[in-house]
Visitor: 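Mind looking over this structure? Questions follow.
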Amino acid sequence: MENEKIRETVNGKRVITKKPELLAPAGSLEKLKVAVHYGADAVFIGGQEFGLRSNANNFTIEEMREGVEFAKKYGAVVYVTTNIFAHNENMVGLEEYLQDIEDAGVRGIIVADPLIIETCRRVAPKLEIHLSTQQSLSNWKAVKYWKQEGLHRVVLAREVGAEEMRKMKEEVDIEIEAFVHGAMCIAYSGRCVLSNHMTARDSNRGGCCQSCRWDYDLYEAVDGEEKALFNEGDAPFAMSPKDLKLIESIPHMIELGIDSLKVEGRMKSIHYIATVISVYRKVIDAYCADPENFKIKKEWLEELDRCANRATASSFFEGEPSFEQQMFGTHATKLKWDFAGLVLDYNQETQIVTLQQRNYFKQGDTVEFFGPDIESFKMEVGQIWDEKDNEIEVANHPLQIVKFKVDRPLFQYNMMRKENK
């Protein structure tokens with residue numbers, strides 16, 4: 001199953017010479033900066049036109065430009081989703097928009113509609129064109145077709161398994177991007193119209209209301225009448241799949257030569273992005289450094305659980321999923337940890353951290369700090385001061401700026417969280 005192009009033997013030791021890109025979601029400029037700080041090689045963002053996730057805090061052209069400049073400082077790149085299926089009324093302004101994206105320094109676009117592909121090729125030729133997962137790409141001959149159409153990369157359907165990926169890399173010389181973490185769709189790679197019918201919000205033009213995660217009572221039609229298939233007090237029937245988590249399959253994906261490992265979640269919190277990206281960064285780096293002695297660490301799995309609120313599964317990568325990978329009659333579990341604060345500054349002399357509050361905490365609480373350049377550690381919060389140096393017992397105002405003493409160095413973009421009791 002190994003791809004010979006990604007490795008070589010040096011002094012008798014196997015070395016991974018082609019490390020995959022770690023691709024992070026960013027629904028806002030703040031999330032982009034967090035993703036890059038926590039180890040992403042690239043981020044995908046949405047503009048204010050032609051993309052899905054219309055409810056995300058999408059980027060203006062000026063914000064794209066700022067995001068590209070920030071990412072460039074850290075050797076990262078930016079892609080923009082333009083992955084709607086366009087209707088007639090969606091064509092207005094497309095050429096100017098693609099030219100603006102190109103001018104902002106974006107590396108490429110993620111696209112599903114041939115209209116947008118052809119328009120981009122004509123008016124913004126510097127942009128790479130990546131085929132969106134919305135095209136449900138799942139066989140190597142289709143991959144070959146898109147290669148012949150001049151695309152730089154294809155994003156696979158979430159339903160593609162490891163053996164199918166191997167065949168694609170073997171038959172076609174093109175970059176392949178695959179999802180490794182995040183939400184799964186109950187329909188075939190997003191081709192769902194439940195939202196359209198139930199709320200008149202078009203899933204394939206950015207308006208999905210996630211109908212598959214609603215509560216439903218299940219009935220059977222018998223002789224023109226409805227017969228309940230549930231008892232009083234039963235948990236409501238749900239049709240949602242468990243979220244995707246392929247952390248333990250990362251070595252397999254690296255050996256297959258997958259070019260980009262994608263985390264889903266442009267509407268997730270910065271705590272989620274920071275936690276997930278930092279863990280996958282550690283796994284990728286550790287495996288590539290010493291594949292022969294690599295082992296998944298328990299603390300990596302525990303760290304991912306700190307930001308998860310839904311059950312997870314490996315879905316299609318390691319084989320066809322069973323009913324056990326679906327969520328029937330169950331919902332999200334309560335988060336074990338709350339994101340409590342974002343570090344803005346730390347004074348080495350006074351040992352005072354300046355923090356932007358993101359969730360309620362008070363004097364005496366045990367909290368945990370984590371992030372780039374530090375080892376995670378726990379401590380008890382002592383005296384707290386507001387930004388006017390008034391002592392307070394509780395930090396309970398959203399985005400409140402507070403200060404307190406921390407006897408270990410911290411850095412901007414480190415985060416603080418608190419365990420739910």
Side-chain angles (χ1 to χ4, degrees), residues 24-40 43 57 63 66-67 70-71 73-74 265-279 281-282 299 302-309 334-421:
S28 68
L29 193 55
E30 180 186 43
K31 292 175 185 178
L32 180 151
K33 292 178 179 180
V34 166
V36 172
H37 270 298
Y38 279 75
V43 294
N57 185 16
E63 287 173 328
E66 183 179 344
F70 180 88
K73 292 178 185 176
Y74 295 88
R266 279 192 284 140
M267 294 179 71
K268 296 285 192 178
S269 70
I270 62 171
H271 175 241
Y272 175 92
I273 292 169
T275 303
V276 173
I277 294 303
S278 64
V279 171
R281 177 79 277 153
K282 290 170 186 173
E299 56 260 37
E302 291 173 346
E303 180 73 2
L304 279 183
D305 286 341
R306 280 165 158 76
C307 71
N309 66 343
K334 185 180 178 183
L335 278 173
K336 296 179 182 177
W337 294 81
D338 285 329
F339 172 36
L342 178 68
V343 173
L344 303 179
D345 187 45
Y346 181 80
N347 188 311
Q348 297 275 4
E349 294 182 6
T350 63
Q351 296 186 321
I352 297 294
V353 64
T354 301
L355 192 84
Q356 185 184 64
Q357 184 261 31
R358 293 299 180 97
N359 223 311
Y360 169 97
F361 69 93
K362 65 183 186 304
Q363 291 185 26
D365 280 349
T366 298
V367 297
E368 180 181 55
F369 283 96
F370 75 102
D373 304 314
I374 66 169
E375 292 291 329
S376 299
F377 66 91
K378 295 180 181 179
M379 59 161 280
E380 184 177 303
V381 177
Q383 288 179 286
I384 307 173
W385 298 273
D386 65 18
E387 59 185 325
K388 295 181 179 179
D389 295 325
N390 299 311
E391 185 174 352
I392 56 176
E393 292 186 2
V394 179
N396 57 358
H397 300 300
L399 305 182
Q400 184 178 14
I401 306 301
V402 298
K403 306 172 187 176
F404 55 91
K405 189 170 183 178
V406 180
D407 62 7
R408 301 195 204 183
L410 292 167
F411 302 91
Q412 189 179 23
Y413 287 103
N414 288 162
M415 294 187 188
M416 184 182 85
R417 56 191 169 205
K418 183 183 72 168
E419 188 169 10
N420 272 315
K421 300 294 185 182

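Please read these numbers as outputs of a predicted model, since none were measured by experiment.
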Visitor: Between the main-chain N or O of Tyr413 and the side-chain N or O of Tyr38, is there a donor-acceptor pair closer than 3.5 Å?
Guide: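 Pair found, side chain donor or acceptor close to backbone of Tyr413.
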
Visitor: Before we go on, tell me: are the rings of Phe70 and His37 under 6.0 Å apart, centre to centre?
Guide: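 When the ring centroids of Phe70 and His37 are compared, they turn out to be within the sub-6.0 Å range.
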
Visitor: Under 4.0 Å between a Lys/Arg side-chain N and an Asp/Glu carboxylate O for Arg417 and Glu303?
Guide: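 Yes, Arg417 and Glu303 are salt-bridged.
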
Visitor: Are the side chain of Asn347 and the backbone N or O of Glu349 linked by a donor-acceptor pair below 3.5 Å?
Guide: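 Pair found, side chain donor or acceptor close to backbone of Glu349.
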
Visitor: Ignoring hydrogens and geometry, is there a side-chain-to-backbone donor-acceptor pair from Asp386 to Asn390 under 3.5 Å?
Guide: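 Here the side-chain-to-backbone pair exists.
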
Visitor: Is Glu30 close to Ile270 at the side-chain level, that is, under 4.5 Å between some pair of heavy atoms?
Guide: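 Yes, side chains in contact.
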
Visitor: On the ring face of Phe369, is Arg408 found with NZ or CZ under 6.0 Å from the centre and within 45° of the axis?
Guide: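 No, Arg408 does not sit over the ring of Phe369.
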
Visitor: Using side-chain contact (heavy atoms from CB on, under 4.5 Å), reason through Val36 and Tyr74 one step at a time and then give a plain yes or no.
Guide: CA-CA 7 Å; Val36 172; Tyr74 295 88; 3.5 Å; yes

Visitor: Verify, without hydrogens or angle tests, whether Lys31 (side chain) and Lys268 (backbone) share a donor-acceptor contact under 3.5 angstrom.
Guide: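 Looks like yes, one N/O pair under 3.5 Å.
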
Visitor: Would you tell me whether His271 and Arg358 have side-chain atoms, one donor and one acceptor, within less than 3.5 Å of each other?
Guide: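 No donor-acceptor contact under 3.5 Å links the two side chains.
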
Visitor: Charged N to carboxylate O under 4.0 angstrom, Lys362 versus Glu393?
Guide: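 Not counted as a salt bridge, because no side-chain N and carboxylate O are separated by less than 4.0 Å.
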
Visitor: Start with the C-alpha gap between Val406 and Met379, add the side-chain angles, then the distance that decides, and say whether side-chain contact (heavy atoms from CB on, under 4.5 Å) holds.
Guide: CA-CA 8 Å; Val406 180; Met379 59 161 280; 3.7 Å; yes

Visitor: Keeping Gln357 on the side-chain end and Ala395 on the backbone end, is there a donor-acceptor pair under 3.5 Å?
Guide: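 A pair under 3.5 Å: yes.
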
Visitor: Ignoring hydrogens and geometry, is there a side-chain-to-backbone donor-acceptor pair from Thr275 to Tyr272 under 3.5 Å?
Guide: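 Judged by distance alone, no pair lies under 3.5 Å.
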
Visitor: Would you sort out whether Val34 and Met415 count as a side-chain contact (heavy atoms from CB on, under 4.5 Å), showing the intermediate values?
Guide: CA-CA 10 Å; Val34 166; Met415 294 187 188; 3.7 Å; yes

Visitor: Run the numbers on Glu66 and Lys33 for salt bridge (Lys or Arg N to Asp or Glu O under 4.0 Å), then give the verdict.
Guide: CA-CA 10 Å; Glu66 183 179 344; Lys33 292 178 179 180; 3.4 Å; yes

Visitor: Write down the atom of Asn414, the atom of Pro372, and the distance for their closest heavy-atom approach.
Guide: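 Taking Asn414 first and Pro372 second, the nearest heavy atoms are ND2-O, 3.0 Å.
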
Visitor: Is any side-chain heavy atom of Leu355 closer than 4.5 Å to one of Met416?
Guide: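 The answer is yes, as the side chains (C-beta and beyond) meet within the 4.5 Å cut-off.
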
Visitor: Taking 4.0 angstrom as the limit, do Lys282 and Glu299 come out as a salt bridge?
Guide: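 Here Lys282 does not pair with Glu299 in a salt bridge, since their nearest N and O are not under 4.0 Å apart.
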
Visitor: If you measure from the Lys or Arg side-chain nitrogens to the Asp or Glu carboxylate oxygens, is any gap between Arg306 and Glu368 under 4.0 Å?
Guide: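 Between Glu368 and Arg306 there is a salt bridge, with a charged N closer than 4.0 Å to a carboxylate O.
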
Visitor: Any donor and acceptor pair, going by atom type alone, linking the side chain of Arg266 with main-chain N or O of Gly27 inside 3.5 Å?
Guide: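 Looks like no, no N/O pair under 3.5 Å.
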
Visitor: Between Val43 and Ala35, which heavy-atom pair has the shortest distance, and what is it?
Guide: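 Minimum heavy-atom separation between Val43 and Ala35: CG1-CB, 3.8 Å.
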
Visitor: What are the two closest heavy atoms between Val276 and Cys307, and how far apart are they?
Guide: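 So the two residues come closest at CG2-SG, 3.7 Å.
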
Visitor: What is the minimum heavy-atom distance between Asp407 and Gln351, and which atoms define it?
Guide: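 Distance-wise, the nearest heavy atoms are O-NE2, 3.6 Å.
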
Visitor: List the steps, then state whether side-chain contact (heavy atoms from CB on, under 4.5 Å) holds for Ile352 with Lys403.
Guide: CA-CA 6 Å; Ile352 297 294; Lys403 306 172 187 176; 3.8 Å; yes

Visitor: Treating Gln400 as the side-chain partner and His397 as the backbone partner, does any N or O pair qualify as donor plus acceptor under 3.5 Å?
Guide: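 Side chain of Gln400 to backbone of His397: a pair is present.
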
Visitor: So which of Asn396, Val394, Val402, Asp338 actually passes side chain to side chain contact (heavy atoms under 4.5 Å, CB included) with Phe361?
Guide: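 Filter result, single survivor: Val402.
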
Visitor: Do you know which two heavy atoms are closest between Leu410 and Val353, and how far apart they sit?
Guide: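 That would be CD1-CG2, 3.7 Å.
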
Visitor: Would a 4.5 Å heavy-atom cut-off, applied to side chains only, mark Tyr360 and Lys418 as touching?
Guide: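 In contact.
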
Visitor: To check you understand the geometry: which heavy-atom pair defines the closest contact between Pro409 and Ile374, and what is its length?
Guide: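 Heavy atoms of Pro409 and Ile374 come nearest at O-CG2, 3.6 Å.
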
Visitor: So do the side chains of Lys336 and Asn420 get within less than 4.5 Å of each other, counting heavy atoms only?
Guide: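 No, side chains not in contact.
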
Visitor: Going by atom types alone, do Gln363 and Gln383 pair a side-chain donor with an acceptor below 3.5 Å?
Guide: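 Short answer, no.
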
